[in-house]
Colleague: 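I'd like to ask some things about the structure below.
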Amino acid sequence: MKPEYLIICVEDEPDVLDAVLRDLAPFESHFIIEGFGSADSVRDFLTASSAGTLKPALFVCDHMMPGTTGVDFLVDVETFGLAAGAKKMLLTGQAGLLETVKAVNQGHLDYYLAKPWTPESLQQAVRLLLTSFIREQDLNPMPYMGVLDPAQLADMLRGDRRLTDR
Amino acid sequence: MSTLQKLGLILGIAGFLLPFLIRFDDLSFPGHLALSIFLLAAFFWMLEPIPIHATSLLVILLGVGLLSGAGPVFGGMDPELVFGMHGGFRPGSAAAYVGTLANPIIILFLGGFMLADAAVKFDFDRNVTRVLMKPFGTRPKWILLGLMTVTGLLSAFMSNTATTAMMMTVILPFMSTMPSGDRFKVALALSIPFAANIGGMATPIGSPPNAIVVAASARAGHAISFGEWMSMALPLVIVAMLATWWLLYRMHRPTVTDIRLRQDTTWNRSRKAKLFYGVFGATLLLWVTESWHGVSSNYVALVPITFLSVFSVMEPSDLRKLPWEVLWLVAGGIALGIYMEQTRLSDWMVGLIDWSAFSGVVILGMFAFIGLLISNFMSNTVAATLLMPLAITIGLSQGDAGIANPTLLALMIGLGTSFAMVLPISTPPNAIAMATGVVKTSDMARSGLAVGLIGIVLLITFSVFFWNDIIH
């Protein structure tokens with residue numbers, strides 16, 4: 001299928017960013033996965049494409065980065081109309097309690113995954129978040145069937161009023 | 001709009017205008033008007049520049065405008081004058097045309113839809129699946145049969161598409177654990193849509209094309225009761241199901257030896273759920289005993305419609321979610337059939353070919369085959385709608401004693417369309433199977449073609465040896 005939504009990964013250490021992108025490879029068939037080295041480069045990208053057709057579905061963010069921290073960035077993202085509804089994940093070992101609370105309360109954080117992570121735990125978390133996104137945006141779940149959480153898919157397909165006999 | 005859709009738009013409009021520009025001998029003026037509507041509808045339905053239910057509504061609107069006594073063409077004219085001028089055509093009743101939206105068959109389907117949606121609301125379908133799968137154990141061969149049996153059973157009264165969606169998620173978790181080379185995944189993924197389409201033939205409410213069959217047969221003089229339909233279709237469904245199971249198993253052998261499907265559902269014991277179980281059971285009972293109590297199944301359908309509402313088992317928010325557009329799709333199909341009959345357009349179309357050259361059985365086979373063929377590329381209901389008026393007219397001219405009578409021909413077309421499972425676009429259940437990513441188009445085409453051929457053979461065999469006697 002032609003992907004219409006983005007998964008945006010923000011991580012300043014190139015090796016770590018590569019690892020994240022590698023682990024997210026199974027989702028490439030259905031989403032466009034972009035990696036960025038800093039929060040500012042994401043902001044530039046989003047403002048440039050705010051007239052475009054691609055919308056972010058998920059942010060996977062490190063916290064400790066030069067310039068804007070991950071938490072502050074996720075709080076910031078709330079102001080981007082384009083990113084409304086996108087799911088937010090913190091992938092870090094270095095966010096203290098205060099910052100995490102801020103991310104949850106002001107940034108509406110959806111998931112916190114501590115470093116170091118296993119590919120399975122990252123993929124499972126991403127799968128759940130993407131499924132929630134598709135559900136909340138009321139998108140047609142059919143094209144995404146290969147990557148969605150099967151348990152939730154049952155309810156989505158059964159309740160989807162677009163699927164009728166003809 | 002895609003290229004095909006643009007083509008459909010152009011052809012539809014061109015087709016609509018054609019009878020205004022060219023005069024066909026032997027076709028009356030109202031017949032030309034009906035031909036305009038037919039050509040517009042045919043191209044719009046086939047290539048879908050607008051949604052198919054919208055085309056159905058256009059059909060009703062154009063009928064009222066062009067052919068009824070309330071429209072601009074024949075409005076205000078003395079019906080007897082029109083009768084004399086236009087070869088025995090009396091302007092149609094606009095109320096009758098619009099009334100197709102509440103045709104008794106539509107009411108029957110509305111009852112079926114409400115029961116089906118209530119079943120989903122109270123998890124009835126998932127619980128039935130869990131309970132009925134238990135006896136089938138864990139061996140792949142029997143699990144496959146179990147899945148197909150349950151799918152077929154559910155799709156007989158629920159929509160094939162909803163049943164496929166639900167059953168697909170039962171097998172998806174397990175399929176993701178299977179080794180990638182295991183061909184049995186394909187068997188599992190294909191078994192669901194195939195079983196759903198086959199199961200949809202078992203009852204009049206199983207699938208929308210069935211409504212076209214019942215409506216057409218009723219207009220031709222033979223109303224097929226719920227029980228009569230089942231006594232004809234159910235044996236065929238069972239044979240087709242077993243044949244398809246055997247076929248899929250042979251073509252896609254498993255390497256796994258054990259299949260465990262996890263289903264975490266429990267029976268809903270709330271008051272409303274119990275009321276639903278009661279209404280469902282009562283309706284089913286009344287439907288199958290129609291020949292004893294004599295009340296048409298169409299009006300029995302008012303029982304679930306009424307009592308699910310009376311007890312607020314289905315609330316307005318539920319009612320709003322019913323697939324009303326499918327009902328309208330069928331209504332438009334019924335209306336078109338009426339126009340073609342009233343204006344003698346079907347007589348004219350049938351007269352273009354010399355049918356006396358073909359024996360009754362050949363005609364049966366031809367309609368089954370053509371129905372199946374074209375339905376692979378378009379909606380089953382549309383395929384049935386387009387072929388039905390011709391078949392009924394031929395059937396009536398052949399005389400009721402012949403094998404190619406209207407009811408059998410209608411069944412050939414309606415059930416033939418349900419056997420069309422070659423491509424992802426053939427039916428929504430096929431599309432769902434494709435979306436899993438487990439099935440290649442070539443897998444589906446190979447198995448689908450085989451099932452289609454089996455279907456035609458079964459349809460002709462059952463008609464000739466069993467159904468003709470049941471009808472007469």
Side-chain angles (χ1 to χ4, degrees), chain A residues 1-5 7 22-33 53 57-58 118-166, chain B residues 48 51-53 109 113 117 120-121 123 125-126 155 158-176 196-197 200 206-210 262-265 320-326 329-330 378-382 418 427-429 431-438:
Chain A
M1 60 162 285
K2 194 162 161 286
E4 289 170 28
Y5 290 93
I7 301 178
R22 214 174 31 236
D23 287 345
L24 293 183
F27 299 96
E28 269 167 6
S29 48
H30 294 77
F31 293 88
I32 295 176
I33 310 185
T53 51
L58 172 65
T118 60
E120 293 77 32
S121 57
L122 178 61
Q123 285 162 1
Q124 180 58 6
V126 167
R127 185 170 301 118
L128 286 173
L129 291 171
L130 290 173
T131 306
S132 296
F133 176 78
I134 289 168
R135 210 173 181 159
E136 283 161 27
Q137 299 294 313
D138 198 27
L139 300 177
N140 184 355
M142 286 251 294
Y144 294 98
M145 225 150 86
V147 296
L148 293 186
D149 172 41
Q152 289 185 61
L153 189 55
D155 288 329
M156 289 164 77
L157 285 176
R158 279 165 87 231
D160 194 319
R161 296 295 141 186
R162 281 166 291 226
L163 298 175
T164 65
D165 282 351
R166 62 213 297 273
Chain B
E48 297 189 43
I52 50 178
H53 71 274
F109 266 70
F113 285 169
D117 271 15
V120 170
K121 183 177 178 184
D123 276 341
D125 55 338
R126 282 159 116 186
S155 76
M158 286 172 61
S159 98
N160 304 347
T161 308
T163 308
T164 304
M166 189 268 296
M167 293 298 290
M168 203 58 83
T169 55
V170 168
I171 62 173
L172 264 177
F174 180 79
M175 281 204 301
S176 56
N197 287 324
S207 191
N210 300 0
R262 257 191 60 198
Q263 293 173 74
D264 310 315
T265 51
R320 263 172 229 133
K321 294 185 198 157
L322 291 169
W324 299 95
E325 78 277 13
V326 179
L329 170 66
V330 172
M378 64 182 82
S379 135
N380 293 359
T381 309
V382 163
S418 286
T427 70
I432 293 177
M434 216 52 204
T436 61
V438 158

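Per chain, numbering begins at 1; letters A, B, ... match sequence-line order.
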Colleague: Under 4.5 Å from any heavy atom of chain A, what part of B:Val120 do you find: side chain, backbone, both or neither?
Modeller: both
Colleague: On a heavy-atom basis, which atom in B:Pro428 and which in A:Arg166 lie closest, and how many Å separate them?
Modeller: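 Here B:Pro428 and A:Arg166 meet closest at CG-CD, 3.8 Å.
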Colleague: Top residue by heavy-atom pair count (under 4.5 Å) with chain A, among B:Thr427, B:Val326, B:Val330, B:Val438?
Modeller: B:Val326
Colleague: Any idea which of B:Arg126, B:Met166, B:Met168, B:Lys121 has the most non-hydrogen atom pairs under 4.5 angstrom with chain A?
Modeller: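 The answer is B:Arg126.
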Colleague: Measure B:Ala196 against the heavy atoms of chain A and call it side chain, backbone, both or neither at under 4.5 Å.
Modeller: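 Neither the backbone nor the side chain of B:Ala196 comes within 4.5 Å of chain A.
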Colleague: Which value, rounded to the nearest 0.5 Å, describes the distance between B:Asn160 atom CG and A:Leu163 atom CG?
Modeller: 12.5 Å
Colleague: Highest number of heavy-atom pairs under 4.5 Å with chain B: which of A:Leu157, A:Asp165, A:Leu148?
Modeller: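 Among A:Leu157, A:Asp165, A:Leu148, the one with the most close pairs to chain B is A:Asp165.
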Colleague: Side chain, backbone, both or neither: which part of B:Asn197 has an atom under 4.5 Å from a heavy atom of chain A?
Modeller: neither
Colleague: Check each atom of B:Asp264 against the heavy atoms of chain A and say whether the ones under 4.5 Å are side chain, backbone, both or neither.
Modeller: neither
Colleague: Might you work through the side chain to side chain contact (heavy atoms under 4.5 Å, CB included) test for A:Met145 and B:Ile432, ending with a clear yes or no?
Modeller: CA-CA 9 Å; A:Met145 225 150 86; B:Ile432 293 177; 3.8 Å; yes
Colleague: Given a strict heavy-atom distance threshold of 4.5 Å, which part of B:Met167 is in contact with chain A: side chain, backbone, both, or neither?
Modeller: neither
Colleague: Out of B:Asp117, B:Leu329, B:Val382, return the one with the most heavy atom pairs under 4.5 angstrom to chain A.
Modeller: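 Option with the greatest count: B:Asp117.
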